[in-house]
Visitor: 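Structure below; questions to follow.
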Amino acid sequence: MIDWNSLYFKTTRKETKQSIRTGEMEKIYNGEAKDEPKAYGDASICGYDSLHRLLKDNLKPHHFQEVSRLLTGLNCGKALETITLPESATALSVDHGFDLQAFCFHSDKELLREPRVVRVGLIQNSIALPTTAHFVDQKKAIFEKLKPMIDAAGSSGVNILCLQEAWMMPFAFCTREKRWCEFAEPVDGESTKFLQGFALKYNMVIINPILERDINHGDVIWNTAIVIGNHGNIIGKHRKNHIPRVGDFNESTYYMEGNTGHPVFETEFGKIAINICYGRHHPLNWLAFGLNGAEIVFNPSATVGELSEPIWPIEARNAAIANSYFVASVNRVGTEIFPNPFTSGDGKPAHTDFGHFYGSSYISAPDASCTPSLSRNRDGLLITDMDLNLCRQLKDWWCFRMTSRYEMYAEILAHYVKPDFEPQVISDPSLHKKF
Ligand SMILES: NC(=O)NCCC(=O)O
């Protein structure tokens, strides 16, 4: 019999490490042989909450420096610098037990343009109550949990803040149960109203990724990111373009493929776009935001370790390089347990959890450098300064836009979408010869 409450809280409490070891659904196993890998019940990486921290603590400083150069790159020829945040922000992180990290991307000094430095914040969080709690209480508890993290971002002078995908609810789309649709809200609903106050208070643009119910169009449900302007106004929305059909991500049961194209939102702090979660596997999706002039693309996500952890550090970083913009990747954290077992259609036993949402939010720059990741098992706020001049500097350097041959690709795509398309394959004639 599963003890919901004790399991549930294991990644949300400050005393995480002590309380987790007995977690049933964490499938703890201890390797019999001395050097066998160990899966840690607290969802840490061998007791560390990020790969970066594991390496830093275990490598000699000069080895760590070289490993970092290769893993996270150099920004303007140097290792990424950290930023000192106000005491009020660090106090909030200590009191509320969330990871807080801050970095700074520089660009080269230009003679004709002033630097355009923007401070970006990303919040990753676990849910706050068991999924068995009343829906009203679950949502309220998440709001309460986020308040100190948003305050920490605001008091640190963050200009643009992004929350994780569907942050206002458990990621219940694994269950295929329709009752979770109740969490859907209109664009100007409860979550937007909650965040508008912070946007106004801190002069901060906030990206609010929710489950949206379009009440003007027959209650259709979408996975939507709403952009709230720094005056508390709603600038616009983007609906998730690509809906996963993989593993337990049964999201097509709940909402439709987006119909908003690839909008770029021009804000006081820069041109931003949102590529929601699974859209990060689609290079053309990234490209389209770039063609519309995005300088920062946010990727609010909810993804689990077994499915995607090895590709998480690659795809967004590659998109930043290929499209000469910054990418800010946010992933949900924690393990969410649902009341009724569900199967994955793979012949394996039914289960009640989606797997571990591994957090690890990070930011990638167009020059191939990136920040270390936030924690794998704790809530977190990542704050990063970025000089947007770096985007054009990288365009001038690599000339990816100038060498892109878009007309060639337009041609093959135009053919490909036609029913009579035939792949351009030139076969070796000897393949069909009888010797
Ligand atoms: N939320 C979502 O689209 N998840 C899909 C899984 C993944 O893309 O890693």
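One is the number of the first residue; the rest follow in order along the sequence. Just so it is clear, the model here is predicted, and its values are computed rather than measured. Just follow the structure's listing: the first ligand is 1, and inside any ligand the first atom is 1.
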Visitor: Can you sort out which atoms of ligand 1 are near Arg280, meaning under 4.0 Å from one of its heavy atoms?
Guide: 7 (C), 8 (O), 9 (O)
Visitor: Assess, by modelled atom type and distance only, whether the side chains of Ser107 and Asn389 contain a donor and an acceptor separated by less than 3.5 Å.
Guide: no
Visitor: Starting from atom 5 (C) of ligand 1, find the nearest protein heavy-atom neighbour and note its residue, name and distance.
Guide: Phe249 CD2, 3.5 Å
Visitor: Pull out every atom of ligand 1 sitting under 4.0 Å from any heavy atom of Tyr278, numbered as shown with elements.
Guide: 3 (O), 5 (C), 8 (O)
Visitor: Could you check whether atom CE of Met408 has more than 12 heavy atoms from other residues, nucleotides or ligands sitting under 6.0 Å from it?
Guide: yes
Visitor: Compute the shortest N/O to N/O distance between Ala302 and ligand 1 and return yes if it is under 3.5 Å, no if not.
Guide: yes
Visitor: Which is closest to atom 3 (O) of ligand 1 by heavy-atom distance: Lys240, Glu165, Arg332?
Guide: Lys240
Visitor: Quick one: does Phe173 get a heavy atom under 4.0 Å from ligand 1?
Guide: no
Visitor: Using the rule side chain to side chain contact (heavy atoms under 4.5 Å, CB included), only one of Asp385, Ile363, Asp387 pairs with Phe105; which is it?
Guide: Ile363
Visitor: Just wondering, more than 12 heavy atoms not from Tyr416 lying within 6.0 Å of its OH?
Guide: no
Visitor: Any idea which atoms of ligand 1 are less than 4.0 Å away from a heavy-atom of Pro244?
Guide: 2 (C), 3 (O), 5 (C)
Visitor: For atom 9 (O) of ligand 1, which protein heavy atom lies nearest, and how many Å away is it?
Guide: Thr303 OG1, 2.6 Å
Visitor: Just checking, any donor-acceptor pair under 3.5 angstrom between side chains of Asn259 and Trp222?
Guide: no
Visitor: Any idea which atoms of ligand 1 are less than 4.0 Å away from a heavy-atom of Phe171?
Guide: 1 (N)
Visitor: Are more than 12 heavy atoms, taken from residues, nucleotides or ligands other than Ile412, located less than 6.0 Å from that residue's CD1 atom?
Guide: no
Visitor: Below 4.0 Å, non-hydrogen atoms only: which portion of Val304 touches ligand 1? Side chain, backbone, both or neither.
Guide: neither
Visitor: Counting only heavy atoms not in Lys56, do more than 12 fall under 6.0 Å of its NZ?
Guide: no
Visitor: Going by the order shown, which atoms of ligand 1 are within less than 4.0 Å of some heavy atom of Leu307?
Guide: 6 (C), 7 (C), 9 (O)
Visitor: Do Tyr202 and Ser156 pair up side chain to side chain, a donor and an acceptor below 3.5 Å, judged on atom types alone?
Guide: no
Visitor: For atom 2 (C) of ligand 1, grab the closest protein heavy atom and report residue, atom and distance to one decimal in Å.
Guide: Cys277 SG, 2.9 Å
Visitor: Please list, in number order, the atoms of ligand 1 under 4.0 Å from a heavy atom of Ser308.
Guide: 9 (O)
Visitor: For Glu411, I'd like to know if atom CD has over 12 heavy atoms of other residues, nucleotides or ligands within 6.0 Å.
Guide: no
Visitor: Can you tell me the protein heavy atom closest to atom 8 (O) of ligand 1 and the distance?
Guide: His281 NE2, 2.6 Å
